[in-house]
Amino acid sequence: MKIEPISTPYDWLDRSLDSIHKANWYRSTQTISSKAGTIATIDGREMLMFASNNYLGLAGDRRLIDAAIAATEMYGTGSTGSRLVTGHLALHEELETAIADLKNTEDALVFSSGYLANLGAIAAIVGQRDLILGDEYNHSCLKKGGLLSGATAIDYQHLNLTDLTAKLQANRAKYRRCLITTDSVFSMDGDLATLREIMDLANQYDCMVLVDEAHGTGVFGDRGGGLTQALGIQQDLIQVGTLSKALGSLGGYVAGSAKLIDFLRNRAATWIYTTGLSPADTGAAIAAINIVKSENTLRQQLWQIVRFFKQGLQSLGIQAIAFDSPIIAIEMGDIAQTLKMATNLRENGIFAPAIRPPTVPTPRIRLTLMTSHTHEQIQYLMQCLQTW
Ligand SMILES: Cc1ncc(COP(=O)(O)O)c(C=O)c1O
């Protein structure tokens, strides 16, 4: 007797995974078993880390570790509830005051991640009668925030102010509120938004602006306040960011006017209906902010490393998308070739993964630099790139 294969409602998973493999889009995790730093043990092997967002090396800094331990000793491991119920600690208030000071804003609100900060803020600020104009290369959470809000979301071409202006002209009058959204430092390209010009357009067309400083905070500005601070932008705007990159902890934030923050406390679902940030993450983030505000030398060292790498790559005739930030993306041709390059680097003890569609439109090797990289480590990386 022939037995019919039993089908289940989950069979589509095999087919989907199959298509992901066929398109070379399949991704998997690599296990790290060492402390954050320039040398990491990945899948049991020591490698040079050129992929971390730990730009200032703070994720492994003793002062952050001690602050996390002290916060845990004082408050315990969890914050036990949502912020409006039992999860609002004095430590959260301290962190929010520190962020507002770092960003030079009236107030700030801490979320469980940068992703949730963007989702919550965008979905609260605009709705079905509104328009979002966003850079096409904005991070996933800005785009998903737009979807969640129900607003009409239109992308403008990457960094293209002419396109943004044309889209404002064609659409602005049809909507109640308009929000322009942009990353300050584009996470997969490493180039920078022209924030002053965007602010001018926003004034002209009566728009709000939301800037995601995930990769700018700690890295730009005299006190590490981000690209907004480095450019001296004073106007009212909505600054979002993460505590998980240069600040070496976990969590996200929105910084802005007291009114905006008050409104978000009442309307941002990803803040209201979730547990407050853990004491350890909160304590570490406070320590990180104190360091980035006072230790400009960390940033100076980072920029020195960026310049050294830029000069080296240029002398080898290797092009990168930009050298404006510690994120250096090198386009390699097709997906298969980019994956081969990542494998080759890996065989040589360098961890710098291939980033490919659908995350980005063109495949590339994304390298990130850290304050703690040595010239020898950078030279070794260049040697491997050159050999390839
Ligand atoms: C531009 C940008 N925004 C937001 C996020 C999300 O931040 P988090 O990791 O804190 O969720 C990231 C993280 O990769 C990012 O690159």
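Predicted model, so just to flag it, every value in this text is computed and none were measured. Read the numbers this way: they start at 1 and go in the same order the structure lists the ligands and their atoms.
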task: Could you list who else is in Ile20's hydrophobic cluster, with ILVMFWY side chains joined at under 4.5 Å, directly or through other members?
output: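 Once heavy-atom contacts under 4.5 Å are chained together, Ile20 belongs with Leu17, Trp25, Tyr26, Ile335, Leu339.
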
The remaining residues in the hydrophobic cluster of Tyr10, counting side-chain heavy-atom contacts under 4.5 Å among Ile, Leu, Val, Met, Phe, Trp and Tyr, are Trp12, Leu13

Distance filter under 4.0 Å, heavy atoms only, around ligand 1 gives Ser113, Gly114, Tyr115, His139, Cys141, Asp183, Ser187, Asp212, Ala214, His215, Thr242, Ser244, Lys245, Gly251

Are Leu142 and Ile122 close enough, and set up right, to give a side-chain contact (heavy atoms from CB on, under 4.5 Å), and what steps lead you there? CA-CA 7 Å; Leu142 292 143; Ile122 296 172; 3.9 Å; yes

- prompt: Which residue pairs pass the salt bridge (charged side-chain N to carboxylate O under 4.0 Å, His left out) test with at least one member in residues 348-365, sequence neighbours excluded?
  reply: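 Of all non-adjacent pairs touching residues 348-365, those that pass salt bridge (charged side-chain N to carboxylate O under 4.0 Å, His left out) are Asp189-Arg364.
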
(Q) Is it the case that the ring center of Trp303 lies less than 6.0 angstrom away from the ring center of Phe220? (A)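 Ring centroids of Phe220 and Trp303 are less than 6.0 Å from each other.
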
*Ring centres under 6.0 angstrom apart (Phe50, His373)*: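 Centroid separation for Phe50 and His373: below 6.0 Å.
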
